[in-house]
Participant: 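Below are the structure tokens for one structure; questions will follow.
Quick note: numbers below take in every heavy atom, side chains included, and nothing from hydrogens, waters or symmetry partners. For reference, positions follow the sequence shown, starting with 1.
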Amino acid sequence: MNTKYSAVIAGALLAFAASTGVAGAETECSTSPVGVWSGTVKFNDQSSPMDVSFGKDGAVCLETPVSVGRGEWVKTGPRKFTYTIKETFKDGSGMSGWVSIDQDAIQNGPKFTSSGVSKIYDAAGNQVGTTAATTEATRKSVSAPGCHK
């Protein structure tokens with residue numbers, strides 16, 4: 001095949017991919033938290049496994065062995081986002097009340113880390129404490145099922 005003709009076809013294919021977003025799909029995946037993540041949250045010399053999912057709609061959902069939560073996330077810069085969640089305890093967990101989670105996150109490809117302060121409330125809605133928390137998570141999926149159905 002003619003080299004000049006091959007270059008024209010390659011250029012046209014690149015332009016098509018860029019205009020349809022195909023070329024940017026990998027970049028968006030590596031800079032957007034949309035999807036399901038598994039990891040560990042650490043607080044008060046304790047750690048707990050957790051799954052968190054971020055939807056394209058800005059919703060975020062959390063599940064741990066003893067709690068569930070919902071909230072919102074916002075992109076704050078390249079590879080950076082914040083999320084807030086109201087975490088409530090599951091029946092039978094032996095705990096009552098809820099936790100207000102506020103985290104600043106940095107995404108590095110298939111992983112993110114976050115940190116922030118969580119406020120702890122009793123069942124009557126009175127704030128009874130605060131705790132610093134950090135999270136490390138790894139992406140399991142680029143789609144966000146679960147509470148995003």
Side-chain angles (χ1 to χ4, degrees), residues 10-149:
L13 287 173
L14 286 173
F16 176 76
S19 69
T20 61
V22 172
E26 183 176 67
T27 301
E28 181 169 342
C29 181
S30 65
T31 63
S32 169
V34 171
V36 178
W37 303 75
S38 272
T40 303
V41 59
K42 296 178 182 179
F43 57 97
N44 294 340
D45 297 324
Q46 300 177 47
S47 65
S48 175
M50 61 92 188
D51 284 330
V52 63
S53 60
F54 299 94
K56 289 181 182 179
D57 59 357
V60 58
C61 306
L62 169 76
E63 184 163 6
T64 76
V66 297
S67 64
V68 294
R70 289 184 183 227
E72 298 176 339
W73 74 272
V74 175
K75 190 167 182 149
T76 57
R79 302 184 192 280
K80 294 182 180 182
F81 61 99
T82 62
Y83 59 97
T84 57
I85 299 173
K86 181 178 181 181
E87 176 184 20
T88 57
F89 298 103
K90 296 177 183 177
D91 290 340
S93 69
M95 295 180 271
S96 62
W98 53 282
V99 179
S100 175
I101 299 168
D102 190 358
Q103 295 273 298
D104 293 316
I106 298 174
Q107 182 179 344
N108 188 8
K111 296 185 181 288
F112 82 80
T113 58
S114 65
S115 62
V117 174
S118 297
K119 297 177 183 173
I120 305 158
Y121 296 85
D122 65 17
N126 302 304
Q127 185 176 338
V128 295
T130 61
T131 186
T134 60
T135 299
E136 295 180 2
T138 302
R139 187 189 300 270
K140 291 175 34 178
S141 166
V142 294
S143 62
C147 71
H148 294 98
K149 290 180 181 176

Participant: If you define the side chain from C-beta out and look only at heavy atoms, does anything of Val142 sit under 4.5 Å from Val34?
Facilitator: no
Participant: For a quick test of reading the model, state the closest non-hydrogen atom pair linking Ser114 to Tyr83 and the distance between them.
Facilitator: OG-OH, 2.8 Å
Participant: So which pairs with a foot in residues 89-109 pass ring pair (Phe, Tyr, Trp, His ring centres under 6.0 Å), sequence neighbours left out?
Facilitator: Trp98-Tyr121
Participant: Indicate yes or no for a side-chain donor-acceptor contact from Lys90 to the backbone of Thr64 under 3.5 Å, with no hydrogens or angles considered.
Facilitator: yes
Participant: Just verifying a value: how many Å separate Thr82 OG1 and Trp73 CH2, rounded to the nearest 0.5 Å?
Facilitator: 9.5 Å
Participant: Kindly indicate, with the supporting measurements, whether the criterion side-chain contact (heavy atoms from CB on, under 4.5 Å) is fulfilled by Val52 and Phe112.
Facilitator: CA-CA 11 Å; Val52 63; Phe112 82 80; 4.1 Å; yes
Participant: Using side-chain heavy atoms (C-beta onward) and a distance below 4.5 Å, is Ser67 in contact with Ser93?
Facilitator: no
Participant: Which pair of heavy atoms, one from Met50 and one from Val41, lies closest together, and at what distance?
Facilitator: CG-N, 4.3 Å
Participant: I need the minimum non-hydrogen distance between Ser48 and Phe43, along with the two atoms involved.
Facilitator: CB-CE2, 4.4 Å
Participant: Show me the donor-acceptor pairs, under 3.5 Å and distance only, between side chains in residues 122-135 and residues at least two apart or in other chains.
Facilitator:
from: Asp122; atom 1: OD1; to: Ala124; atom 2: N; distance (Å): 3.0
from: Asp122; atom 1: OD1; to: Gly125; atom 2: N; distance (Å): 3.0
from: Asp122; atom 1: OD1; to: Asn126; atom 2: N; distance (Å): 2.8
from: Asp122; atom 1: OD2; to: Asn126; atom 2: ND2; distance (Å): 3.3
from: Thr131; atom 1: OG1; to: Asn44; atom 2: OD1; distance (Å): 2.7
from: Thr131; atom 1: OG1; to: Asn44; atom 2: ND2; distance (Å): 3.4

Participant: Is there a donor-acceptor pair closer than 3.5 Å between any side-chain N or O of Gln103 and the backbone N or O of Ser115?
Facilitator: yes
Participant: Do we see a donor-acceptor contact under 3.5 Å between the side chains of Ser38 and Asp51?
Facilitator: yes
Participant: When rounded to the nearest 0.5 angstrom, what distance separates CG in Asn108 from CZ in Arg79?
Facilitator: 6.5 Å
Participant: Going through the distances and angles, do Asp102 and Val117 end up as a side-chain contact (heavy atoms from CB on, under 4.5 Å)?
Facilitator: CA-CA 6 Å; Asp102 190 358; Val117 174; over 6 Å; no
Participant: Can you tell me how far the CG atom of Asp57 sits from the CD atom of Glu72, to the nearest 0.5 Å?
Facilitator: 9.5 Å
Participant: Testing the basics here: between Lys42 and Ser47, what is the closest heavy-atom pair and its distance to 0.1 Å?
Facilitator: CG-CB, 3.9 Å
Participant: For a 4.5 angstrom cut-off between non-hydrogen side-chain atoms, does Glu136 reach Thr113?
Facilitator: yes
Participant: As an exercise, state the distance from CD of Gln107 to CZ of Phe54, rounded to the nearest 0.5 Å.
Facilitator: 9.0 Å
Participant: Using the test side chain to side chain contact (heavy atoms under 4.5 Å, CB included), find all partners of Pro78 that sit at least two apart in sequence or belong to another chain.
Facilitator: none
Participant: If every non-hydrogen atom of Met95 is compared with every non-hydrogen atom of Val66, which pair is closest and at what distance?
Facilitator: CE-CG2, 3.6 Å
